[in-house]
Every structure is written in structure tokens, then in C-alpha cells.
> 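Take a look at this one; I'll ask things after.
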Amino acid sequence: MLPMKRYSPKDIEPKWQAYWDENGTYVADLDSEKEKYYGFAMFNYPSGAGIHLGHAKNFTIPDILMRLKRQQGYESYSPVGFDSFGLPAENYAIKTGQSPRVTTDEAIESYRNQYRQMGWSMDWTKVIDSSKVDYYKWTQWCFLQLHEEGLAYQKESLQWWCEIDKSVLSDEQVIAGKCWRHDGADDPLVTKKSLRQWFFKITDYADEILEATDDLNWTPWVKIAQKNWIGRSEGTVATFQLEGLGADTEHVDVFTTAIETIFGVTFMVLAPEHPLVATYAQHADNAQDVDEYVLHAMRKSDIDREKEKVKTGVPVEGLFAINPVNGEKVPVWVADYVLMGYGSGAIMAVPGQDERDYEFAQKYDLPIIYTTTKNEFVSYGPEIKPDRAKFTMANSGEFDGQNLEEARQNITKWLEDAGKGEAKTTYKMRDWLISRQRYWGAPIPIINCADCGAVPVPEDQLPVQLPELDDYHPSGDGRSPLAKAKDWLHVECPRCGKPAERETDTMDGYVCSSWYQMRYLSPHDDTQAWDPKRAEEWMPVKFYNGGDHATAHLLYARFFTRFFHKKGLVPTPEPFEHMYFHAKILAEDGTFFSKSKGNGIDPLEVINSGYGADALRTYLSFIAPPDVESPWNSDGLPSSYRFLNRIWTLVQEFMEVESQTSSVESHDKELLQATHKTIQKVTSDIEAIKYNTAISAMMECVNVLYKIKDEDGYQSSAWQFALESIVQLVAPFAPHVAEELWHDLGHDDSVHVGHWPELDESHLISDTMTLAVQVNGKVRAEIEVAADADEEAIKSEALAQENVHAHLSGKQPKKVIYVKNRLVSIVA
RNA sequence: GCGGAUGUGGUGGAAUUGGUAGACACGCUAGUCUUAGGAACUAGUGCCGCAAGGCGUGAAGGUUCAAGUCCUUUCAUCCGCACCA
């Protein structure tokens, strides 16, 4: 007899990868008549560093589910693509002059190699690359659609500016007031430069996105994060008349969620950027102090402001505000704890009820008034807590004696009647700033004409192609390096034909990733961004996985999908039916993998160590539920290899003895029961993304098979079914070894398409069952009874147990409870 | 501060959703075997105890025949947002 074939991943894995490629095993027919299943993980930015175990987990999660669906007979489409515009390639280009196109292509090639070796069932005939012109042409088309509906607009916005680089900086690039690259003692502070930038009006969709959030089948905390991000709060706007410094004709609107505290107002605070500060502070006696304070505050980045715990501010001497409810005159201050970007950039300060105002009043010795009978902090913010709802108003004129909730409504109504305010809803979410003064992004398809303004590039003139440059440094005038491509820059205005210039800003990378779920459906279509009929068939995405971007990307994609749904191009308003947010895999010491620590692990290293991709995939799935953070433990990997090897051995041994069938079938019932139980468990666990218990169920089944083999040998006809079932069940996790064994078992097609074992529930039922017998809540015996035994028989069987007698100590039981199929509980 | 989770053996984690806590693995202990492999297989392994038995899901109460699961209080850890008026 020949020696048994051994399980050698490094031989079988490349073999089957080539086979799948050649046979187009994972190529989806997008026009298939079959029921469709569409799912994937957030696509990657192809960096020079390659993928690590975190990416391995990210893509393995959907791969397993998509494989299950393909095996169950669905047209299962696992797309693949690259989010390839971005900073690393551009920074590299600035340093070396190497075109980002070249480095990006190289990185993608290397990613492709890694993806294939992981055994992911992606359809490479439909790969997309967001930095290729056949993709970003349609990103530009999306921009034009939004522009046409008035959802893309320009606005002046302050940007951090480094004088040395002659370049804009993001918030994170400002460190202690200086540019991250120029933070020496002699380097200048960063300044703010006002630039005209493009925005998408996502705030128009804030309400409907918020309202739809609760019903999503998404990881719960992601939904909460999105709701917080949108930050809707309902409150009241109150109008305060100004007085002094020549501002008597001006008024300030303040937003508050606690209007019932308005009688406690003792001062008003304006944000340093508030326009009225610039206009009237110059007339104040302390104009210079105010000026200095404002300049100082505006120089701090938001991040720096956040770090400062102590509140600071200055009064605008001589400027007062009139409280609309009682005519009280209060001083006006400027302080940077009030943010220009929220509400109206001005607050009515109520130090008697608000901690922040209280702290400020203490520091600057401002008066404090309490507006409830309790004389303490009562409530602030959108909700009045139940235990405080009964507090009673005081010092509040005609509203004294009312409870807080009533007063809230009544004061708002009073203001509305007096024309001095109204109920209002505000949002934390701002419009989406999409302009980037960068080269490696999708050019904004706009032509700036002196006469016509910002004119959209006509659709038939798309794409606006990125020109190749010799030098990728910023242009130095606040515009992107594109401003240096003169041939590209100068064009005729599409409207009047006069000389004009292209917009040199490119789009935020999040724009590219806001619509790729549709492009995957028409990756090669050069007549439209996607085919709406395909979208009708395939959208929404059934399963979407990621471990990042809980707010930004996932909100932007929802915004785009809603927009195109309204235009009739997408069948549903939501892009992702089930969004699964997985937890990170940690380093062995429980810390995060990080570049600076250099503790990242390349999956290829694990694969090539001899354990193979199948063991890696299985181990990643087994280590913990995918949404639970868990450390990588290299000791655990051999256990997955061992498990696969045990299946391997069962099949190989079976093949050797196949011809020696005999009639002994004493374990068939047990064999079939174990197999069908496993089919049921694995199917439902994969669908519920509980891969760890799916694998443990298969391990249990394999353990049963070994036990039966020891007692019976391979003599029964049920073995073929059991082995084929296990091979099919393990295929989503370990596709290569499953394919090999499937062929060993005599099949000549792929196990991965249309082969999932069928559950026969009749095999799940056994003749007998084991019940626990409890006396006073403690297990005292076990009884084996017929599955169809009646309740009385079971109870008397339980009471007849010797140990039960002992614990009843001769007394009659007070009560005997039978829990069907579980236990008998006896109360003494 | 606000919001959201999560606390189970030496370790990762199971638990039919109120019904035999610790499945499946890692590790450890003992053994079998030899085609010495990254072996494989068998048995054991929550804690205390020689045993009978008792104890046991962060802690303390409660509901129940029965609580890891439900309720109240409390502690700890992690995550998100964070001067959002």
C-alpha cells in the first residue's frame, strides 16, 4: 500500500488558487437569474507596507459568509477594489519625483498577490481602482450631480497655513501652534488663511439619516456613534438686544436647550470669531485686550483648545445685552469656550445652572442666580432628568411655581408670541468639506471663469484627467500642485468661451469611497457610473464589514446613496443592509499592532511558515467572535492546523479502505445525528457571524468521528456522507484543503459552488434523552428516559432515584416541576 | 462630564436566551506508540477536600422551584463623543 498522502498546505494551496483563477470559480455573473448575495469588506488603501493580520481578519470575515452563500447556490459576488488616492503616495512623490501612478500600481500588484494567497474568493475580473481615470471620471460625475442639485457649493473657510511650506495643513499637522515639519524654535507659528473651498451639503440629509439609523441592522455602537456625530438637539433661540458701543440696532441670537433657565442669565458670551466682536470691540475701552485675546484664541487649533481645561475670556467693556424676558441688562464677554461652529456662536450664560458658566463666573467674579427653589444646579442640556422634573421654578417672574418641563414650553411660547425667539433644532454635524489642496485625488470638475464664476465641466467633457507632473511639491500659493500644470490649467470657459482656469483642488478621498458599492456592479461601464438595473438587482449590499470609519465613511456613503436613491438610480435609500464592525486583533502582549513598534505580522509570513492560509483563516475565525478584540497567539495556530489535519486524515484513511465495506452499521444513527447537528449549527453560526462556535461545532463532530472510527472502523455507508459534509462545512474557512479533499472523495467540480450539505432534521431526534434531576435547585441525579416518555413517567422515574431519596430525607416533595427536554426540579 | 459596552478556570472563550456553568481550544499532568513529526493518540485538568460533601460567573442584596442570564445598589476595565450651550 502506498503511504498516505500528507497534508501539505504549501503544495495544495497554490495549486487550487491557480485552478480557481483558470476556472473562474469566483467570477460572478452580474446578470444571473439566481438569487443574489452581495457582500464585502471596506476596500484598502494600497500602501507600500502591504497587508498585516488586521487586514487578513478584515477580508476573511466577509469571505466566509460569501463562500457559504456561493455554496448554498446563490450568485455570490465578492468584489475587490482599491481606495488608491491618498497622501502616502503623494508624499513619496514629493520626496522622490516618482509618479504616484507608478507606486500605486506596484502596491496594488503586491496586494493582489497577498489577497490571492489568503484564499479570498474575490472576483478579480471586476477589480476597481479609485485612482484610475475610468473610475474617477464617475467620481467627478457624482460631483456634478450634487452640484446640479445645489448640494455642492463654495464657501470661504479658514485653513492652517505654513509659511515655509507655502501649504495648507490639516488640524493634526499643527503641533503646539507650529507646522509638524517646521516646529523648531526659530520656525514661525502657523497662521490661518482664508480659502474658498468646496462643500457637500450633507446637513440637508442630517434629519433623514438620523431617523433611519435606529432601524439599521448595524453594529449597535456604530449607530450610536453616528447619532452623536449628527448631534441633533432641540432647543430654543432667544434674541438679545445689544446696547452700548453704538451697537444699539444689533441683536444676538443665542441657542439654548434649557430656555427655562433664562431668568438666571447674568452675562452673555460670544465666540472669538463672532462677527459682532470684530465690528464693535474696537469701540470698547479695552479694545486692545479684546483684540489680543481674539488673536490668541484664533491661533490655537481646535485640538489645542480642547486640551486647555481652564476657561479664559475678556469682557467687551461698555457692551451689554438685554434679556428678552425681563429686560435685565447683562455684560457681554468674549471667551473661547464658546464655539463659533455650533448654534449661533453665542450663549446666554446661566452660571446658576450650567457648570461651564459657573466656572467662568467664579473665575471672573460674575453674579450667580438660581432659578429653582432648590438653589443648586438643576438641569442643563436637551433632557430634563426624571428626578429633577419635579423641581419648581423660582426667581423667574410669572413662571415661578411651574415645573421645569412646563416652563420650558411656556417660555418658548412666550418668546414666540413676543417675536423674541422660537423653538429650533441644531446639529453638531457640519457640511462636508471636500476640497483638498493636493495632487493625488480626483480633480474637482469645475472651471473658474472671471465672468461666469465657477462653471461645472459639461458631462460630455469628463473626465478631467490628472496631468502627469515633474514636481509634486505644493504650488506655493495655497493651491494644489495642479496649478503648476499650465497646459492643463488654462482652458476656455464652457459657458462664454473666454480664457479661464480649472479648479485646482482635488476631492477628499472619502468621496471616492462613497459610491464604490455601486461601481462594483458596473466596473467596466464607460457610459455610466453604474447601471441602475444592476443596482435594482443587487443593492443594497447584504453584508458590509469594517473595523474603522464608524462615522465619516459610513455616513458619507449613506448620504450619497440617499441622494442617488432620490434620483431613482438606486433602489433603496441605505447602502448597507447589514454593517458589521469587527474588533481588532492585538499583538501577543495585548497591545495594538503599530508601525512604530514594528510588531505587525505579515500574513504571508504565517502562511509560508508551513501552516498555510487555511490554518490562518481558521485560527483567525476560531480565536474569538469577530467582534471581540483578542490577541494573536502563535501557540494557537497549530491547533487549527491540527484540526484540518484531522479531517485530512479521516478522508485519506477512508479512501484507503473504501472498497472493504461491511455490513456493520451500529453507529450510523450516532454518525448521522452528529453530522446533521453540525450542519445545522455551522449554517446558522456562519449566518450570525459566530465563526468561533461554528468551528468548535465542527471540532466536536470530528471528535465524534474519531471515536466512532476507533470502535467501528470505516465500515458503514454513512461515512461518505459524514466526510463529504464536513468537507463542505469547513470549505468557507479552509477553502484549499476542502477543495483537495472534495476531489479526493471523487468529485471533479469545485466544492465552492453549489455544494452545501442538506439538513435532514429527522436525524436530529434521538430515541432517548438525558435529564437532570434537581432537589431544591441542586443536581442530584441524571436519568435516561425515552424521548417520547410522558411527564408522569418521567417524574416518577426521577423520584425513584436513590440519591433523590437521600436528599429528600424521607419527606414528601412539595412540588415536582418537569421542564420539557431539560430537567426535573423537585422542591422538598 | 455624557453615552455605550464588558466583567465567567492558569489563558482565548462556550452556555439552547431563566433550566445540568466552564462546550471547543491553548496550557499543564500522566500514559501509549514510533514511518522522530512543528508528531499522533488516550486519559485527566474550575476551586477547597483523602473522601462524603461544600463553594463557584467582579462585589452586595432581591425575585424564582431554578439566576452567568431578570431587578436594585456598587466596584473595575475598555471604547466612543467631548467646553455642542
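Chain naming here is simple, since letters A, B, ... match the order of the sequence lines and numbering starts at 1 in each. If you're wondering where the values come from, they're calculated on a predicted model, not measured in any experiment.
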> Scan A:Gly235 against the nucleic acid and name what it touches under 4.0 Å (heavy atoms): base, sugar-phosphate only, or nothing.
nothing

> Whole angstrom is fine here: how far is it from CG in A:Asp685 over to C1' in B:U16?
12 Å

> I'd like to know whether NZ of A:Lys10 has more than 12 heavy-atom contacts from other residues, nucleotides or ligands below 6.0 angstrom.
no

> For B:U6 and B:U69, measure between their C1' atoms and round to the nearest Å.
15 Å

> Would B:G9 be called syn or anti here, given the cut-off of 90° from 0?
syn

> With P as the reference atom in both, quote the distance from B:A40 to B:G49 in angstrom, rounded to an integer.
34 Å

> Which is true for A:Pro631 with a 4.0 Å heavy-atom rule: it touches a base, it touches only sugar-phosphate, or it touches nothing?
nothing

> If I take atom CD in residue A:Glu355 and atom P in nucleotide B:G1, what distance separates them, rounded to the nearest angstrom?
9 Å

> If the P atom of B:C55 is compared with that of B:G61, how far apart are they to the nearest Å?
14 Å

> Can you check the distance between B:G4 and B:U73, where both ends of the measurement are the P atom (answer in whole Å)?
15 Å

> Does the side chain of A:Asp253 come under 3.5 Å of the side chain of A:Thr239 through a donor N or O and an acceptor N or O?
yes

> Using the P atom in both, what is the distance from B:C71 to B:G18, to the nearest Å?
11 Å

> What interatomic distance, in whole Å, is found between P of B:G22 and the corresponding atom of B:A14?
15 Å

> Cation-pi check for A:Trp218 against A:Arg558: NZ or CZ below 6.0 Å from the six-membered ring centre and within 45 degrees of the axis, yes or no?
yes

> If I take atom CH2 in residue A:Trp648 and atom C1' in nucleotide B:G37, what distance separates them, rounded to the nearest angstrom?
16 Å

> Taking the six-membered ring for Trp, are the ring centroids of A:Phe360 and A:Phe267 within less than 6.0 Å of each other?
yes

> Among residues two or more places apart or on two chains, list those pairs meeting salt bridge (charged side-chain N to carboxylate O under 4.0 Å, His left out) that have a residue in residues 775-785 of chain A.
none

> What residue pairs, at least two apart or across chains, pass ring pair (Phe, Tyr, Trp, His ring centres under 6.0 Å) with a residue in residues 676-711 of chain A?
A:His676-A:Phe721, A:His676-A:His763, A:Tyr691-A:Phe733

> Find which nucleotide of RNA chain B each of A:Tyr427 and A:Lys690 is nearest to by heavy atoms, and output the residue with the more 5' nucleotide.
A:Lys690

> May I have the distance from A:Gln652 (atom CD) to B:U35 (atom C1'), rounded to whole angstrom?
16 Å

> Name the nucleic acid region contacted by A:Val816, choosing base, sugar-phosphate or nothing; use a 4.0 angstrom heavy-atom cut-off, strictly under.
nothing

> Starting at the 5' end of RNA chain B, which residue's closest nucleotide do you reach first, A:Ile623 or A:Lys778?
A:Ile623

> Rounded to whole Å, how long is the line connecting atom CG of A:Leu586 with atom P of B:U77?
18 Å

> Look at the rings of A:Tyr556 and A:Trp432 and say which category their plane angle falls in: under 30° parallel, 30 to 60° tilted, over 60° perpendicular.
parallel

> Just to verify, which of A:Tyr611, A:Tyr641, A:Trp632 counts as forming a ring-ring contact (aromatic ring centres under 6.0 Å, His included) with A:Tyr619?
A:Trp632

> Give one of base, sugar-phosphate or nothing for A:Ile347, where a contact means two heavy atoms less than 4.0 Å apart.
base

> Assess whether atom CH2 of A:Trp333 is packed by more than 12 heavy atoms of other residues, nucleotides or ligands within 6.0 Å.
yes

> Ring pair (Phe, Tyr, Trp, His ring centres under 6.0 Å) with A:Phe581: which residues, sequence neighbours excluded?
A:Trp221

> Can you find a heavy atom in the side chain of A:Val816 that is under 4.5 Å from one in the side chain of A:Ser825?
no

> For the pair made of CD1 in A:Ile826 and P in B:U64, what is the distance, rounded to whole Å?
21 Å

> Round to the nearest Å and state the distance from A:Arg6 atom CZ to B:A40 atom C1'.
11 Å

> Looking only at atom P, what distance separates B:G19 and B:A67, rounded to whole Å?
11 Å

> May I have the distance from A:Lys428 (atom NZ) to B:C2 (atom P), rounded to whole angstrom?
14 Å

> Base, sugar-phosphate alone, or nothing: which one does A:Tyr641 contact when heavy atoms must sit under 4.0 Å apart?
nothing

> Could you work out which one of B:C65, B:G4, B:C83 sits closest to the side chain of A:Lys815?
B:C65

> Using Watson-Crick and G-U wobble pairs with both distances under 3.5 Å, what is the 5'-to-3' dot-bracket string of RNA chain B, with [ ] for crossing pairs and | for pairs outside the strand?
(((((((..(((......[....)))((((((.......))))))(((....)))..(((((..]....))))))))))))....

> For A:His805, give me all partners under ring pair (Phe, Tyr, Trp, His ring centres under 6.0 Å), at least two apart in sequence or on another chain.
none

> Classify the glycosidic conformation of B:U42 as syn or anti, calling it syn when the angle lies within 90° of 0.
anti

> Give the B/S/- string for nucleotides 18-25 of chain B, one per nucleotide from 5' to 3', where a protein heavy atom under 4.0 Å of the base yields B, of only the sugar-phosphate yields S, and otherwise -.
-BB--BBS

> Of the nucleotides B:A14, B:G12, B:C83, which one has an atom closest to the side chain of A:Ala624?
B:G12

> For B:C81 and B:G58, measure between their C1' atoms and round to the nearest Å.
27 Å

> Are any of A:Lys311's side-chain N or O atoms less than 4.0 Å away from OP1 or OP2 of B:C83?
no

